[in-house]
Amino acid sequence: MKVELENLTKRWGNVVGADSMNLDVKDAEFVAFLGPSGCGKTTTLLMVAGIYKPTAGFIRFDGQVVNHVAPKDRNIGMVFQSYALYPHMNVFQNISYPLKLKKIPKDEMQKRAQRVADMMGIGHLMDRRPAQLSGGQQQRVALGRALVKEPQLLLFDEPLSNLDARLRLSMRSEIKRLQMGLGITSVYVTHDQVEAMTMADRVAVMKDGKLQAYSTPDELYDRPRTLFIAGFVGNPPMNFLEMEVVRENGDYHARREGFDVVIPSDRGEKAAGKGNVILGIRPEDITISDEGTPAEVFIVESLGRDDLINMHIGEASIHVLADPVLGLKMGQNVRLDFNTHKVQFFDPTTEKSLLWA
Amino acid sequence: MTTATFESGSQSGVKRFLGRTLPYVLLVLSISPIVLGYAWLIIATFSYRTEGLFPIDAAGNIGGWTLSNWSFLTDPAIWRVTLNSFVLAVGMVIGVGFVSSMAAYSLSRMNFAGRKGFLSLTLLLHAFPSVTLLIAIFFVLNFLSKIPAIGAWFGYNTLGGVALVMISLDLPLGIWLMKGFFDNLSWDMERAALIDGASRFRVWWEIIIPLIKPGLAALAIFNFLSGWSAFLIPFTFTVGSKVANLPVYMRQMISDTAPTNWNMIAAVGMFQLIPVLIFFIFTQEMLLSVYAGGSKGGT
């Protein structure tokens, strides 16, 4: 099913939950709403679900405006962060509840509930109560309950936030595999950018109720349109340094105190002559080498595969990913090589990218 | 050196003994009037007369046990009155439970004009002593009496009328109590049920009500007891023994002209107490959990 949001707005008095959202979800597409808490992603999701009534704008399912369609008539399934299982019902009753409400005959209900439960790997737990299940099992029941009525749209509200890290990883791929296998259009709300990047076909980044960007994970990563997206997407986050870009002898130089790097002309020309700009570069695009910008090691954090190193270049501080084999120590002087084909430039006042309009 | 430590040890022993026993002494002393009162009640029901806690016979000697005080059990009126008490108590349980769980749900979950005003008004009404409303209620019941069909069941001098008045006087407390339970439930479960395809009413009935059973039980117990022992409202709005309940029946035994048989009144009081005692034996565990923890079982 295709979903379209047009100028979708939700206000409570002066509080703005969502501010004229415009986006579309293609059939069978997996879209993530990404943003810090309070950015309006859950509000938008609940409007799609029909729990909140929009203040303005339209929600369309396959071209039909559904603003006033009750949640029960929207044929959607939803998975909540708190699982929202019915504690007084056992697993079978939980999963079959949507079918019971549809007045589906008992034997078919039994068959379908069992099939979904088996698919979720909880077929043997049918007569347990939710309180007798682990968090991961509860999550599977919730997923089963959302899937059992064969919805045309699946909504996820931070479904993995309450699981431990290892389980989160396996559920992540399981949900993705399930969604691809069943081909159900899905909207997935999360504040975890790794989840959004790994699972979604497209990611909608939101902040303060506004849609900041809506594009594929790669595009978000490689061509962030705003300073916020650049800082929010990617882990460890992008480094930002304020500097000036000038043209000298045909080369573009990004300069600040103790820092002078030649920028490829396709990127440099867009930032040159704009006064102070913000240069952004990801920690993995900086390498420690024999020549380049001098820097001093300040803090070394071991991440296992890499060391995350906080360096000082003059007054500025940046993060660099380095091979632990180098064995860098605090106070050591090194030289840094910047992968200048990956640098970003932002306008410090509008916070918009100078490279990707 | 050794004697000194020995002495201080024994001193602290005395202290510890006092520290342990003193609270019990104080507790026993403070509850003894109640315990003695109940002891008298039980003894009095089985004796002609009592002198302090001792039963005495006509000659004034100790003794004189009798079952004659319980003769009221053969009076058909007592069974009618007991039934009335029971109907009133159950009516309150159902009436207050039903109305306040629905009202509290909407007050807790839905947004409508006048919601806040309604909430503070109910609280204000609850603070009103019901005695001050007696005369006004009399006019209301009198008016209801004149309406055909309804009047016969809910007018003046009917059990229905008494129940109606008592239910409405207990509703503010019920609504606020239930609202507290509803407020503690997460919204997600309700949203999940709505998305699963339930109507608002079904969500309330199939998802929410089962989760606030402890709250409903607490409310039911309160209302059963208040209906069972109600006196003021039934006494004011009923005449004669046809619609009287137990406390009113007891009041009718206190005559202004003939000498009052207090021992028989004690026996009726005892009779009224028995169902409550049985009720408590079965519900005390639930009551404790309700008083101690509010709702339990919700995730």
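Quick note: numbers below take in every heavy atom, side chains included, and nothing from hydrogens, waters or symmetry partners. Each chain gets a letter, A, B and so on, in the order the sequences are listed, and its residues count up from 1.
For the options A:Pro151, A:Ala70, A:Pro71, heavy-atom pairs under 4.5 Å to chain B are most numerous at A:Pro71.
Under a cut-off of 6.0 angstrom, the local environment of NZ in B:Lys116 is sparse, with at most 12 non-hydrogen atoms contributed by other residues, nucleotides or ligands. Within 6.0 Å of CH2 on B:Trp187 lie more than 12 heavy atoms contributed by other residues, nucleotides or ligands. Around the CZ atom of B:Phe231, the shell of radius 6.0 Å holds more than 12 heavy atoms that belong to other residues, nucleotides or ligands. Applying the 6.0 Å contact sphere to NZ of A:Lys102 captures more than 12 heavy atoms from other residues, nucleotides or ligands. Atom CG of A:Leu182 sits in a crowded spot, with more than 12 heavy atoms from other residues, nucleotides or ligands closer than 6.0 Å. The local environment of CD in A:Glu108 is crowded, with over 12 non-hydrogen atoms from other residues, nucleotides or ligands closer than 6.0 Å. Counting heavy-atom neighbours within 6.0 Å of B:Phe86 CZ, excluding the residue itself, gives a total of 12 or less. At most 12 heavy atoms of other shown residues, nucleotides or ligands fall within 6.0 angstrom of atom OH in B:Tyr24.
For the residue pair A:His88 and B:Leu211, the shortest heavy atom distance occurs at ND1-CD2, 3.7 Å. Heavy-atom minimum distance, A:Phe80 versus B:Arg191: CZ-CB, 3.7 Å.
Taking CZ of A:Arg74 as the start and CG of B:Leu194 as the end, the distance is 11.5 Å to the nearest 0.5 Å.
At a heavy-atom cut-off of under 4.5 Å, chain A is reached by B:Ile195, B:Asp196, B:Gly197, B:Ala198, B:Ser199, B:Arg202 from residues 195-203 of chain B, listed in order of number. Inspection of non-hydrogen atoms places A:Leu46, A:Ala49, A:Ile51, A:Tyr52 of residues 42-52 of chain A under 4.5 Å from chain B. Of all residues spanning residues 2-21 of chain A, none has a heavy atom less than 4.5 Å away from chain B's heavy atoms. Contacts between residues 184-191 of chain A and chain B, counted as heavy-atom pairs separated by less than 4.5 Å, involve no residue at all.
A:Tyr86 places a side-chain N or O within 3.5 Å of a backbone atom of B:Ala193 that can act as its donor or acceptor partner.
B:Pro210 places none of its side-chain heavy atoms less than 4.5 Å from the side chain of A:Met89.
In this structure, no portion of B:Glu190 lies under 4.5 Å from any heavy atom of chain A. With a 4.5 Å cut-off on non-hydrogen atoms, A:Tyr97 touches chain B through its side chain but not through its backbone. Interface remark: A:Lys149 contributes side-chain atoms only to the contact with chain B (heavy atom separation under 4.5 Å).
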